[in-house]
Amino acid sequence: MPYRIIMERASDRLMSMAELMEDHSFKKIPKDKIDYFIDESIKIGIETAINSMDKYKSLEEICEDKKIKVELDTTEYDFEMVKFRGKYKEEREKIIIYDGSIKRMEIAYRELGIRFLNYNNIYRILLAHELFHYMESKEIGNTYEKLDEVNVFRLGPIKKSYPIIKTSDIGANIFAKKFLNLSFNPKVLNYLYLWGTGIVDKNKLLDYYNELDERLKVYYLTNIEG
């Protein structure tokens, strides 16, 4: 199947690099700190999943034990909803999953011949992702708050530093993969969707993967040389 190369090449490090590059402060991250942010975020995601697997057998058990409300929003929206797939609302201790997004994703994956990414499986991946954010908020602390901040502005003695927020999504993807025993990093769902809807083609995705690979190599060599 043509989609397999896109999924097989989407390693945890590659997808974590892609996630990191979406952070607003990415360009301010020193090259020798890229591996640090990726490795530590992955570590937190794995540890959180293992601790959860020791106590619970399913996502439903977690939600029931922690009294988390999960709401499926079936409202029809006029704008594109796929980027707005799920959300943990801290003030209400509620996770909202958007039905329209899941349906659009399922259709896109079906166009690529990916039958196992059906509505139920997509729903569970999104739920696991948001459960990690719940745990960050209520139990383990935000991933980005555990890691170093980066300097984004400096003028003499005055400097501003910010956390790398996207490290939380790296952790959430790894948590979902580990807890659900997935063979792929959930971040790849974004790229499969873009392909399945015709926004990009396979070659464009492979070119992007090659760019990510090159960046990882450069940052790795920077660490070695440093």
Side-chain angles (χ1 to χ4, degrees), residues 3-23 34-68 70 85-88 90 93 95-97 101-102 105-106 109 114-147 163-193 209 212-213 216:
Y3 65 81
R4 285 182 180 170
I5 189 172
I6 299 300
M7 301 191 80
E8 289 170 358
R9 282 198 58 191
S11 67
D12 290 338
R13 288 187 61 76
L14 203 73
M15 292 296 95
S16 296
M17 183 67 206
E19 200 75 69
L20 207 60
M21 286 176 62
E22 294 175 12
D23 193 276
I34 296 292
D35 280 347
Y36 160 78
F37 283 111
I38 290 175
D39 293 341
E40 291 302 310
S41 303
I42 288 175
K43 181 180 177 182
I44 290 170
I46 290 174
E47 288 179 349
T48 306
I50 290 174
N51 290 337
S52 298
M53 291 163 71
D54 287 341
K55 299 176 184 177
Y56 307 104
K57 295 181 180 178
S58 68
L59 300 175
E60 290 74 20
E61 280 190 18
I62 297 177
C63 292
E64 183 177 352
D65 182 59
K66 300 179 185 297
K67 296 179 172 56
I68 304 170
V70 180
R85 302 174 301 181
K87 183 178 182 180
Y88 167 58
E90 183 176 357
E93 294 194 9
I95 291 174
I96 301 175
I97 304 293
S101 288
I102 299 177
M105 293 167 78
E106 184 181 29
Y109 304 146
I114 311 175
R115 301 298 175 183
F116 62 87
L117 284 177
N118 55 33
Y119 187 100
N120 182 61
N121 288 336
I122 298 169
Y123 174 92
R124 293 176 64 76
I125 292 170
L126 300 186
L127 177 57
H129 186 104
E130 297 308 321
L131 274 175
F132 178 81
H133 291 319
Y134 164 88
M135 293 177 192
E136 284 186 302
S137 172
K138 298 296 182 180
E139 299 173 3
I140 67 173
N142 290 316
T143 301
Y144 57 83
E145 292 178 335
K146 295 180 177 182
L147 305 181
I164 303 301
I165 303 297
K166 276 293 183 175
T167 54
S168 280
D169 283 324
I170 294 174
N173 289 332
I174 297 297
F175 171 84
K177 178 182 178 182
K178 182 73 174 177
F179 191 88
L180 296 175
N181 192 29
L182 303 176
S183 62
F184 55 90
N185 186 296
K187 176 70 172 174
V188 78
L189 297 185
N190 294 353
Y191 304 121
L192 292 172
Y193 175 81
Y209 280 12
L212 294 173
D213 268 330
L216 284 170

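All figures in this text were calculated on a predicted structure; none of them were measured in a lab.
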Those residues that, when tested against E19, pass salt bridge (Lys or Arg N to Asp or Glu O under 4.0 Å) (two or more places apart)
K166, K187
The residue among N185, D213, I38, L212 that forms side-chain contact (heavy atoms from CB on, under 4.5 Å) with R13 is I38
Just do the side-chain contact (heavy atoms from CB on, under 4.5 Å) check on K66 and L131 with the steps written out, would you?
CA-CA 10 Å; K66 300 179 185 297; L131 274 175; 5.9 Å; no
Atom pair CG (L20) and CD1 (I170), whose distance is rounded to the nearest 0.5 Å
5.0 Å
With sequence neighbours excluded, residues passing side-chain contact (heavy atoms from CB on, under 4.5 Å) with I6:
V188, L192, W195, K202, L205, L206, Y209
Working to the nearest 0.5 angstrom, can you tell me the gap between K178 NZ and M53 CE?
5.5 Å
Step-by-step side-chain contact (heavy atoms from CB on, under 4.5 Å) determination, N121 to L180:
CA-CA 10 Å; N121 288 336; L180 296 175; over 6 Å; no
Separation between OH of Y144 and OG1 of T167, rounded to the nearest 0.5 Å
8.5 Å
Looking at residues at least two apart in the chain, or sitting in another chain, which of them share a ring pair (Phe, Tyr, Trp, His ring centres under 6.0 Å) with Y191?
Y208
Examine distances only and state if a side-chain atom of Y109 and a backbone atom of F116 form a donor-acceptor pair shorter than 3.5 Å.
no
Considering only heavy atoms from C-beta outward, does the side chain of M17 approach that of I34 to under 4.5 Å?
yes
dist N142:CG -> M135:CE (nearest 0.5 Å) comes out at 14.0 Å
With side-chain contact (heavy atoms from CB on, under 4.5 Å) as the criterion, how do I42 and N173 come out once you've worked through the C-alpha distance, each side chain's angles and the decisive distance to 0.1 Å?
CA-CA 9 Å; I42 288 175; N173 289 332; over 6 Å; no
Around I50, counting heavy atoms of other residues, nucleotides and ligands shown, do more than 12 lie under 6.0 Å from its CD1?
yes
Shortest non-hydrogen contact from L182 toward P186
CD1-CG, 3.9 Å
Taking the side chain as everything from C-beta on, heavy atoms only, tell me whether F179 gets closer than 4.5 Å to I62.
yes
Which pairs with one or both residues in residues 117-128 pass salt bridge (Lys or Arg N to Asp or Glu O under 4.0 Å), sequence neighbours excluded?
E60-R124
Determine, step by step, whether L117 and F184 satisfy the side-chain contact (heavy atoms from CB on, under 4.5 Å) criterion, reporting the C-alpha distance in whole Å, the side-chain angles of both residues, the deciding distance to 0.1 Å, and the verdict.
CA-CA 12 Å; L117 284 177; F184 55 90; 3.9 Å; yes
Scanning both residues in full, the closest heavy-atom pair of I102 with L126 reads CG1-CD1, 3.8 Å
Atom CD of E130 and atom CD1 of I125: how far apart are they, to the nearest 0.5 Å?
13.0 Å
Working to the nearest 0.5 Å, report the span between OH of Y3 and CD1 of I114.
6.0 Å
Output every pair passing side chain to side chain donor-acceptor pair (under 3.5 Å) with a member in residues 41-57, not counting sequence neighbours, ordered by first then second residue.
Y56-D65
Answer yes or no: are there more than 12 heavy-atom neighbours, outside E139 itself, under 6.0 Å from its atom CD?
yes
Indicate whether any N or O donor in one side chain lies under 3.5 Å from an N or O acceptor in the other, for D169 and H133.
yes
Ring pair (Phe, Tyr, Trp, His ring centres under 6.0 Å) partners of F132, counting only residues at least two apart
F175
